[in-house]
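Here the structure comes first, spelled out in structure tokens, and everything after it is commentary.
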Protein chains: 2
Amino acid sequence: MSQASDRVYAALRAGILDGRYGFGDRLGEIEVAADLGTSRTPVREALRRLGSEGLVEVLPNRGARVRTWTAQDLEETYELRAVLEGLGARRAAGQVTAEVVDELAALAAEMVTVDPSLGHRPPGDFADLAALNARFHAVIVGAAGSDRLAATLAGLVQLPLVMRTYHRYTPAALARSHAHHHEIVDALRAGDGAWAESVMRSHVLAARAVLLASHRDDASGSAATDPEGQAS
Amino acid sequence: MSQASDRVYAALRAGILDGRYGFGDRLGEIEVAADLGTSRTPVREALRRLGSEGLVEVLPNRGARVRTWTAQDLEETYELRAVLEGLGARRAAGQVTAEVVDELAALAAEMVTVDPSLGHRPPGDFADLAALNARFHAVIVGAAGSDRLAATLAGLVQLPLVMRTYHRYTPAALARSHAHHHEIVDALRAGDGAWAESVMRSHVLAARAVLLASHRDDASGSAATDPEGQAS
DNA sequence: GCGACCTAGATTGCATGCAATCCAGACCGC
DNA sequence: GCGGTCTGGATTGCATGCAATCTAGGTCGC
């Protein structure tokens, strides 16, 4: 992490994910380098890396832009996540330890307690829920014990909208998500790979449906692009 | 392609795939740059790109080496290919045109005609078969119409041993492979996504079994490392 | 004789200069 | 007035110099 290249990469990634950089924004090498107090070389490396992960698109001799997501992109990405995370759940079911299952159960339970739609949090405060959810999925992928799978999923990009996603969840959809989590835990504890895979696929495809509906309602794709906005 | 960076990338990739660079070989920036008549900058870019695709491993401050494949790597990679190419076949079944199906049928038929185990070629001449097979799979992925899926599969790396793989196929395994190809064509022509997906998964998993058996027999992992060897 | 430390060489990582490419605007011809 | 061309500015892509880091060998101490 002390490497400048990694710092630039992390900064750009965070900036894109939390909306500091809006869709289509130009990422000039000189500009970014000046902002982060480094030279163009590490910036170039970070941009190529982000490009291979799909977060930015790099055009030859024309620089990099923050990737714009179409409905089809969302659909394809979540279809891939459905089969890949399903595979991860199936693999995990065959080898996961009781300790890890307990951790997952705890995460699933905690997610309910921080769900704003259930009155445990101020309405709209989905930050903790999103973080717990990300960890839940990461633990399962880790329990699958496949570096290749983990790397492939990591390359599939956390959507820039992750946090905003939950805003479009109806209370019913959130309840279904919680139910899926608990069911996945049960399937893993039972060591039932086919069950775990099936529920995980349903879980991701349900998320896809919410996301697509949400995206469809976004007539004005206005990203919050406060140029000087600072987030932790 | 006129870009130096792309030329270096292509040269290194080809060199690794055809065995000119052996497993574990060190890829020093200066050395590669001198070999290809360029400077270190494009070499660095190419190495990072190959690293993100899994063909080489880059250690911080310690340079890049050609990735060594373990049995588990093979297993994980083919497990991923099985689900991803299965997904591709399912998607393709829903939208493929008759022309593309005809092309696939022609490829499947031609593969039989160039199969050395059937006496149509000198024994051991699997080059054409491998090329046709690669094209067959590429056409299906293309027909799936998902850029994300295509990119993910491309990142999953053509194994360095692709060509040598066929050498370990028994005539029965080759016959099964041909049968799978024809069955996939039939499933696509019928527009039956579930069928196409299932056969494709079987096809890839069968290849995995052959590869793992082959890898197990490789007591001496001697890669043909003729340092000055030139292939096409 | 064996092990730890220390130094020298080599290599990666970063910064910066120069050439090639691309985009914008104005100018000219029709 | 409109379209094509040409030039200027800016940006990317490549080459190279310098500093930081790592590996290897030798030396010193025990």
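The sequence lines fix the lettering, A, B, ..., with proteins before strands; numbering per chain opens at 1. Every heavy atom of this structure was used, including side-chain atoms; hydrogens, water molecules and symmetry mates were not.
- Although no hydrogens or angles enter the test, the distance criterion places a donor-acceptor pair under 3.5 Å between the side chain of Arg65(B) and the main chain of Gly24(B).
- Between Tyr9(A) atom OH and dG13(C) atom P the separation is 17 Å, expressed in whole Å.
- Closest-nucleotide positions on DNA chain C for Gly37(A) and Ile30(B) were compared, and the one nearer the 5' end corresponds to Ile30(B).
- Rounding to whole angstrom units, CG of residue Leu27(A) and C1' of dT11(D) are separated by 14 Å.
- In this structure, Arg7(B) atom CZ and dA15(D) atom P are separated by 10 Å, rounded to whole Å.
- Phosphate proximity of dG13(C) to Arg48(B): present, with a side-chain N or O under 4.0 Å from OP1 or OP2.
- In terms of modelled atom types and a separation under 3.5 Å, the side chain of Arg40(A) and the main chain of Glu29(A) share no donor-acceptor contact.
- Using a cut-off of 4.0 Å between Lys/Arg side-chain N and Asp/Glu carboxylate O, Glu76(A) and Arg148(B) are scored as not salt-bridged.
- Arg44(B) has no side-chain polar atom (N or O) that falls below the 4.0 Å cut-off from OP1 or OP2 of dT16(D).
- Phosphate contact (OP1/OP2 of dT12(C), side-chain N/O of Arg40(B), threshold under 4.0 Å): absent.
- For Thr38(A) and dC14(C), the shortest distance from a side-chain N or O to OP1 or OP2 is not below 4.0 Å.
- Closest to the side chain of Asn61(A), from the set dT23(D), dC14(D), dC22(C), is dC22(C).
- Remark: C1' of dC14(D) and CD of Glu45(A) are 14 Å apart, rounded to the nearest angstrom.
- Remark: Arg91(A) engages Glu79(B) in a salt bridge, criterion side-chain N to carboxylate O under 4.0 Å.
- Residue Thr41(B) places none of its side-chain N or O atoms closer than 4.0 Å to OP1 or OP2 of dG13(D).
- Using a 4.5 Å heavy-atom threshold, the side chains of Val101(B) and Val185(B) count as touching.
- In the set dG13(D), dT12(C), dC14(C), dT12(C) carries the atom at the smallest distance from any side-chain atom of Glu29(B).
- Mapping Pro60(A) and Pro42(A) onto DNA chain C by nearest heavy atom places Pro42(A) closer to the 5' end of the strand.
- In this structure, Glu31(A) atom CD and dT11(D) atom C1' are separated by 12 Å, rounded to whole Å.
- A straight line from CG of Asp6(A) to P of dC14(C) spans 8 Å, rounded to a whole angstrom.
- Atom CZ of Arg62(B) is separated from atom P of dA24(D) by 9 Å (rounded to the nearest Å).
- Look at CD on Gln3(B): it is 13 Å from C1' on dA19(C), rounded to the nearest Å.
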